Amino acid sequence: MLERTHTVEDAICEPMKEETPRALTLCGWVERQRDLGSLIFFRIRDRWGSLQVKVDQTENPSAHAVASRLRAEYVISVRGHLQLRPPGEHKDEPGGDREVIPEEIQVLAEARTPPFYITDEEPGDENLRLTYRYLDLRRPPMVRVLKLRHQVALEIRNFLDRHGFLEIETPLLTKPTPEGARDFLVPARMHPGKFYALPQSPQLLKQVLMVAGVDRYFQLARCLRDEDLRANRQLEHTQLDLEVSFMSRDQLFALIEELMCSLFEQVGAGRPQSPFPRLTYQEALSRFGTDKPDLRIPAEIHDLTESFAHTEFRVFADAIGSGGSIQGLFIPKLRASRKQEEETGKFVRQQGGAGVVIAHLGHDQSVSGVLKKFMHREQLEAIRRELGLDPEDEGTLVLISGERDSILRVLGQVRLHVWERYQLPRLSDWRFAWVTDFPLYERDEATGELVPAHHPFSLPLPEDMHLLETDPLKVRADSYDLVLNGEELGSGSHRIQDAELQRRVLRNLGMNSDLIEARFGFLLRAYDYGGPPHRGIALGLDRIVMLLSGMHNIRDVIAFPKTTQGTCPLTGAPSEVDRRQLDELKLRGL
RNA sequence: GGGGACGUGGUGUAGAGGCCUAACAUACCUGCCUGUCACGCAGGAGAUCGCGGGUUCGACUCCCGUCGUCCCCGCCA
């Protein structure tokens, strides 16, 4: 192998003003040969870029002989020099003004014809991409993602290091947690019948680290959950897991906002607006119909129950009469076509909404559709006032009646759907938001049991503490989600540091003292020895990189992801194991 | 666990009961070509239409099942 002197990036950045040719040796992969006979062009590509090589038979017959048998993706080294291309033969791209004139070309490895071409263009079949991931990762967009992800991790580490954080690893072999997501279990060979679990997150151990006095902990932690996959979910994902002692909510928010802003700025995505808007869970639900609002969409949901209090429109009157509400989503400027109205109505019904009315509000105070018949001038004015409209504003109003929370969620879906479907204008940019004060508990629809809404280690808000036993569903926690452009980046909370309070919260979930001791005894005991007030947050690194890179799929920002069926087409995982391995583990096969 | 979409040469697509002895583009192989850059030109090879069953005189096409991939709901403290 010829000793490499430059990367392609070095060669592209090399100043080329002077006449003297620059000697260099490049190593990389062959792409795009153009064999004109006694003149051959091809490109050599490495991780940093690609550059044209020109081989002239009359100037260098031996290099030409090698070049004529090169094929796509052969691995070569080229020793030669850099030369400006003749005038008029420049290409408009980095390094397009120059080319490599080889003295010698060595083939380091031949390559079979790849199943897809290595270009910016994405091969259609994702299974094929994953089967040949090493080829897929050669594609420049994927290289950019790998670099971006590295850069993001590096910036996070540097930032947190500057702020006094320690990165501490927590074990991959840990204790199963029967609640929450399904655990991946690992049989303990030395303890037949017992199992480790792979961590769903380092939650409990980072709390123990706070008791240990670490004060500021973080980890780029792998988290594993054996649940069904989605476009933004993998069996294993990476979290920026973080926990701090003695910090107020405001202090933590300020820290995370500065981290995000400097991170986005450092990776060239532009500095997001800060401070990030904050809204409570209840506000988010009533204004956007979701706990992860996309604030780029310039529309909100409005409660119009009052405005329709005396309506003669039967559907709405009945809804109000039976304790329901009327919620409206106003879509500014849109004059929906009949087809769009029908589609939207259909979408609402698919989402489980009934009693949908779509009307156009004109700037001349006109109203279209069914409402025209039932709306008095005063009612219309009341509605326009409630929507906060100026006299010249017009647009489409989507109204749904029914049980408040469920129609809010439907309208939240409509809000997303309509903007996507009709490509309505959004505010550009990164729109972060904090959503705070989530309920501590919620009711499991299937079993009717109380389950933690977030996790059972979040501190109830002081003003709700007295409801813990009497009306637990009303108890809010000092918890928060960080949301970006409608995507949940992560969540956190102030933790319970008082063992007795922790026991109360767990008892509400139907656990008796023995169970609490068996599962969480180690944590409660730790707090008995002086646990500081502490809080934390965990942010999905994959999702951050996904948004930064403009990818729409979490698999595209993970080097070796699983398919939605949880398989790895490259390695063939999961696979069967040897009978002997099972015997050693005292496990029976199927 | 439920719903939906897709599966045709290496790749991307067309074909929607008989026109199929399966088309097009690209990639691949051979030859020609000294300024190409999606090089061009000429020729060539390459597919039991995911798999299994059924309906039919006849199935790439219709039906059932199955496998795989993707998307959504459930699930994801």
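Throughout, protein chains are lettered first and strands after them, A, B, ... in sequence-line order, and every chain is numbered starting at 1. Keep in mind the model is a prediction, meaning the values are calculated, not measured.
- Within the nucleic acid shown, A:Arg32 comes within 4.0 Å of sugar-phosphate atoms alone, with no base atom in reach, counting heavy atoms only.
- Atom pair A:Asp125:CG and B:C71:P shows a separation of 13 Å (rounding to whole Å applied).
- Pairing of B:U56, defined by two Watson-Crick or G-U wobble distances under 3.5 Å, is not identified with any nucleotide.
- Between A:Phe116 atom CZ and B:C28 atom P the separation is 15 Å, expressed in whole Å.
- Across all strands, A:Pro123 comes closer than 4.0 Å to no nucleic acid atom at all (heavy-atom distances).
- Within the 4.0 angstrom heavy-atom criterion, base atoms lie near A:Glu99.
- In the set B:U69, B:U34, B:C75, the nucleotide with an atom closest to the side chain of A:Leu36 is B:U34.
- Contacts of A:Leu128 with the nucleic acid, taken as non-hydrogen atoms under 4.0 Å apart, involve only primed sugar atoms and P, OP1 or OP2.
- Contact of A:Arg230 with B:G74 (side chain to base): a donor-acceptor pair of N or O atoms is detected under 3.5 Å.
- Among the heavy atoms of the strands lying under 4.0 Å from A:Ser201 is at least one base atom, whether or not backbone atoms are also near.
- Here A:Pro114 lies out of heavy-atom contact (under 4.0 Å) with every strand.
- Note on A:Ser38: a base of the nucleic acid sits closer than 4.0 angstrom, heavy atoms only.
- In this structure, the CG atom of A:Leu224 is 17 Å from the P atom of B:C76, given to the nearest Å.
- Within 4.0 Å (heavy atoms only), A:Phe41 reaches at least one base atom of the nucleic acid.
- Checking B:C33 for Watson-Crick or G-U wobble geometry (two distances, each under 3.5 Å) identifies no partner in any strand.
- Every side chain to side chain contact (heavy atoms under 4.5 Å, CB included) that A:Leu204 has, sequence neighbours left out, goes to A:Gln207, A:Phe457, A:Phe520, A:Phe522, A:Leu523.
- For A:Thr131 and B:U69, the shortest distance from a side-chain N or O to OP1 or OP2 is not below 4.0 Å.
- Proximity of A:Thr564 to the phosphate of B:U69: no side-chain N or O atom is located under 4.0 Å from OP1 or OP2.
- When the salt bridge (charged side-chain N to carboxylate O under 4.0 Å, His left out) test is applied to A:Arg415, no partner is found at least two apart in sequence or on another chain.
- Residue contacts for A:Thr119: at a heavy-atom cut-off of 4.0 Å it reaches no nucleic acid atom on any strand shown.
- For B:A38, one of the phosphate oxygens OP1 or OP2 lies less than 4.0 angstrom from a side-chain nitrogen or oxygen of A:Lys91.
- Listed pair A:Arg129 / B:G12 fails the phosphate criterion, with no side-chain N or O lying under 4.0 Å from OP1 or OP2.
- In this model, the phosphate group of B:C29 is approached by a side-chain N or O of A:Arg71 to a distance below 4.0 Å at OP1 or OP2.
- For the residue pair A:Asp183/A:Gln200, the side-chain donor-acceptor check at 3.5 Å is satisfied.
- The partner of B:G74 is absent, by the rule that a Watson-Crick or G-U pair needs both atom distances under 3.5 Å.
- A:Asn553 comes within 4.0 angstrom of sugar-phosphate atoms only, judged by non-hydrogen atoms across all strands, and of no base.
- Phosphate contact (OP1/OP2 of B:U36, side-chain N/O of A:Arg34, threshold under 4.0 Å): absent.
- A distance of about 29 Å separates the C1' atoms of B:A5 and B:G18, rounded to the whole Å.
- Base pairing analysis places B:G7 opposite B:C67; the two distances defining the Watson-Crick or G-U wobble pair are each below 3.5 Å.
- A:Arg79 has no carboxylate O lying under 4.0 Å from a charged side-chain N of A:Glu103, or vice versa, which leaves the two without a salt bridge.
- If you check every strand for non-hydrogen atoms under 4.0 Å, A:Gln565 touches sugar and phosphate atoms only.
- As judged by a 4.0 angstrom heavy-atom cut-off over every strand, A:Asp56 is placed among the base-contacting residues.
- Across all strands shown, B:U61 forms no Watson-Crick or G-U wobble pair with both key distances under 3.5 Å.
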